[in-house]
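Take a look at the structure set out below.
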Amino acid sequence: MTPAIAFLLAMTFLISIGGIFLMVWGLANDQWGDGLEASKVIFAEGELGRGEDPAETGVQRQGLQEEVEKGTLDIDKEELAERRVLDRSGRRPVLWWLASSIAWLLLGSVFGVVASLKLHMPDWLIGDAVLTFGRVRPAHLNVVAYGWASMAGVGVGIWLVPRLFKTPLIGGRFATVGAVLWNIGMFSGTVAVLAGLSEGLEWLEFPWQADVFLVLGGALAAVPLLMTVVRRRVHHLYVSAWYLIGALVWFPMLLITAKLPLFIGTEQAIMNWWFAHNVLGLWMTPLGLAAAYYFIAKITGTPIYSYTLSLIGFWALALFYSQVGVHHLIGGPVPTWLTTLSIVTSVMMVIPVVAVAINHHMTVLPKWRLVLTSPTLRFVVAGAMMYTFASIQGSIEALRAVNAVTHFTHYTVAHAHMGVYGFFSFVLFGSIYFILPRLVSWEWPHIWAIELHFWLVFIGFGIYFWPLSIGGWLQGTAMLDAARPFMESVLLTMPYLKARSLGGSLMTLGHIVFASHFILVLMRMGPVSEIPPKLMQGFVKDKPPGPASETPS
């Protein structure tokens with residue numbers, strides 16, 4: 001074992017030990033105590049049984065209330081008013097992170113469509129090196145992963161912090177400065193990649209100088225979380241808090257480790273996939289699950305199915321996920337024991353996935369009709385379902401027999417998009433639809449635009465994912481057949497790559513609708529519903545409200 005691999009395993013061990021430490025701390029502080037009470041900590045007194053979604057029409061809200069109400073309940077108006085203050089406490093940093101993320105989403109979408117078209121139109125836009133596939137594709141990956149997904153995830157997480165701890169956000173200015181630094185890192189890194197100054201490692205293409213800003217920005221975003229949790233006014237930490245703490249602590253560790261000049265040759269490939277998988281599983285996944293656990297319960301007005309099971313899911317993620325990435329190197333010049341360890345832990349990931357799946361789907365099941373009426377819940381539930389699918393698919397894909405077919409094919413690309421886009425982005429879309437009206441005291445003016453956004457990205461992603469998965473599998477079987485020339489495996493993917501471009505174009509159109517609607521709300525333009533959300537009455541009015549600082553509950 002080389003010193004570099006030993007160091008990487010030590011970092012993996014440290015992440016797992018961190019999960020065990022949190023588990024021991026939770027046991028010592030009665031976080032495994034009354035699960036039912038812990039699952040209710042996000043609700044105001046009397047709020048259980050009442051669902052709410054500010055992205056609905058008045059008629060839909062009425063139907064939603066009829067679906068979830070269980071008799072007449074008196075909600076603590078003082079706590080709702082206090083919640084309004086909590087939401088306002090994080091307004092500036094949340095808007096910085098969310099608005100920035102949507103700008104990067106649009107840019108990343110354009111890069112993605114251009115890169116996709118080049119796969120079946122290789123002679124298109126070849127006059128300038130900046131527009132070649134080798135630069136546009138990594139620019140797309142990094143802009144979407146770190147610009148859109150990461151920034152939106154942090155923005156949603158910061159908004160959740162006061163809600164989870166029932167304490168105004170402390171140190172919000174650190175998160176605002178963090179957003180500025182993160183944007184500087186994104187801009188400089190994207191320019192560097194387009195200029196040909198890439199590091200040449202997937203998910204790590206940005207030069208280290210740009211990554212410094214990402215590490216500092218992420219660390220500063222974690223400061224308000226840590227400062228607020230110390231002064232929290234709740235005993236039990238809701239499961240979303242565990243995921244947020246984990247994500248914001250793990251990301252700087254991952255990026256710093258990956259950028260250390262310790263890895264060369266084969267060791268660098270091992271580090272590359274250790275990081276690439278962990279940035280999905282220990283950064284984006286915790287942020288997405290934190291949001292899903294909160295909004296599924298909140299919109300349905302129902303505590304999560306099993307609080308204890310939710311904690312098992314978190315700690316199992318912390319224990320198992322940090323070692324799974326090396327299964328991407330099965331068959332490569334890496335130690336067999338290392339790939340075997342990765343395969344075993346990949347299969348063990350079924351434990352946290354099943355725990356999360358049972359909680360999400362069993363919480364929604366009794367109120368499944370809400371998915372038909374609640375745009376926010378529709379996005380979040382779709383994302384939760386795709387999380388289950390992507391995770392089980394990943395465990396199966398890690399098996400040697402399956403990996404032999406899917407490796408080096410478009411199948412792997414489709415699988416990666418199922419995680420980052422199908423799961424994480426859908427949850428983020430739904431979260432933003434819930435959050436933004438509470439930040440700017442202005443409802444979404446066009447419900448049809450929310451519906452259009454959903455169907456464009458849902459159908460577009462389906463057209464993207466399924467043909468690419470099928471084409472990738474056929475590509476893999478063709479490459480394994482020694483009697484078939486290699487070019488046959490390339491040519492047979494052409495119809496599937498064209499479907500990928502069509503699906504990506506529909507998704508991009510959905511992003512344009514989403515961004516335009518977001519801007520309308522920020523500018524407080526468009527019609528206002530005659531029937532405000534019931535849990536927001538008194539805060540959102542049927543005429544232009546007062547100062548933008550008035551935040552709904």
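Not measured: the values here are computed from a predicted model.
A donor-acceptor contact closer than 3.5 angstrom links the side chains of S425 and W148. In the model, Y464 has a side-chain atom that pairs as donor or acceptor with a side-chain atom of H417 under 3.5 Å. For T406 and W473, the side-chain atoms include no donor-acceptor pair closer than 3.5 Å. Looking at H407 and H328, their side chains never bring a donor and an acceptor atom within 3.5 Å of each other. Side chain to side chain, N183 and W96 fail the donor-acceptor criterion of an N or O pair below 3.5 Å. A donor and an acceptor atom, one from each side chain of S501 and H120, are located under 3.5 Å apart.
Heavy atoms of other residues, nucleotides or ligands lying less than 6.0 angstrom from CE of M121 number more than 12. The number of heavy atoms from other shown groups lying within 6.0 Å of OH (Y305) does not exceed 12. No more than 12 heavy atoms of other residues, nucleotides or ligands shown are found within 6.0 angstrom of CZ on F458.
Taking 4.5 Å as the limit, some side-chain heavy atom of L436 sits within range of a side-chain heavy atom of L95. Between Y307 and I304 there is a side-chain heavy-atom pair separated by less than 4.5 Å. The shortest side-chain heavy-atom distance between V347 and H327 does not fall under the 4.5 Å cut-off. The closest side-chain heavy-atom distance from T477 to V405 is below 4.5 Å. A 4.5 Å side-chain heavy-atom check between L474 and T493 finds every atom pair outside the cut-off. Using a 4.5 Å cut-off on side-chain heavy atoms (C-beta onward), F429 and V380 make no contact. Taking the side chain as every heavy atom from C-beta outward, W159 and Y294 approach each other to under 4.5 Å. L160 is listed as a side-chain neighbour of F295, based on a closest heavy-atom distance under 4.5 Å.
For the pair S116 (side chain) and V113 (backbone), a donor-acceptor distance under 3.5 Å is absent. Using a distance-only test at 3.5 Å, with no hydrogens or angles considered, no donor-acceptor pair links the side chain of H361 to the main chain of M385. Of the possible polar contacts, one joining the N278 side chain to the W274 backbone as a donor-acceptor pair under 3.5 Å is found. A donor-acceptor pair under 3.5 Å is absent between the side-chain atoms of W455 and the main chain of G460, judged by distance alone. The backbone N or O of Y411 lies less than 3.5 Å from no partner atom in the side chain of S469, so there is not a single donor-acceptor pair. Remark: the backbone N or O of L370 is paired with a side-chain donor or acceptor of T373 at under 3.5 angstrom. Checked by atom type and distance alone, the side chain of T302 pairs as donor or acceptor with a backbone atom of T300 at under 3.5 Å. Under a 3.5 Å cut-off, the side chain of Q475 and the backbone N or O of H410 do form a donor-acceptor pair. With hydrogens and angles disregarded, no donor-acceptor distance shorter than 3.5 Å links the side chain of E488 to the backbone of F486. For the pair K298 (side chain) and I42 (backbone), a donor-acceptor distance under 3.5 Å is present.
For Y387 and H360, the distance between ring centers is not under 6.0 angstrom. Checked against a 6.0 Å centroid threshold, the rings of W315 and W242 count as neighbours. The distance between the ring centers of F379 and H453 falls below 6.0 angstrom. Ring centroid separation for the pair W203 and W273 does not come in under the 6.0 Å cut-off.
Note on E202 versus R137: salt bridge recorded, some NZ/NE/NH1/NH2 to OD/OE distance being below 4.0 Å. Salt bridge status for K118 with D123: absent, with no side-chain N to carboxylate O gap under 4.0 Å.
Distance check, rounded to the nearest 0.5 Å: NE2 of H517 to CE of M525 gives 11.5 Å. Interatomic distance, CG of L105 versus NE2 of H511, reported as 5.0 Å (0.5 Å rounding).
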Practice task
Go through the steps for W182 and F251 under the test ring pair (Phe, Tyr, Trp, His ring centres under 6.0 Å), then give the verdict.
Solution key: CA-CA 13 Å; W182 193 289; F251 179 74; 5.6 Å; yes

Problem - Working for side chain to side chain contact (heavy atoms under 4.5 Å, CB included), residues M418 and F423 - result: CA-CA 6 Å; M418 176 59 75; F423 156 55; over 6 Å; no

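In this structure, R378 forms a cation-pi arrangement with F454, its terminal cationic atom sitting closer than 6.0 Å to the ring centre and no more than 45° off the ring axis.
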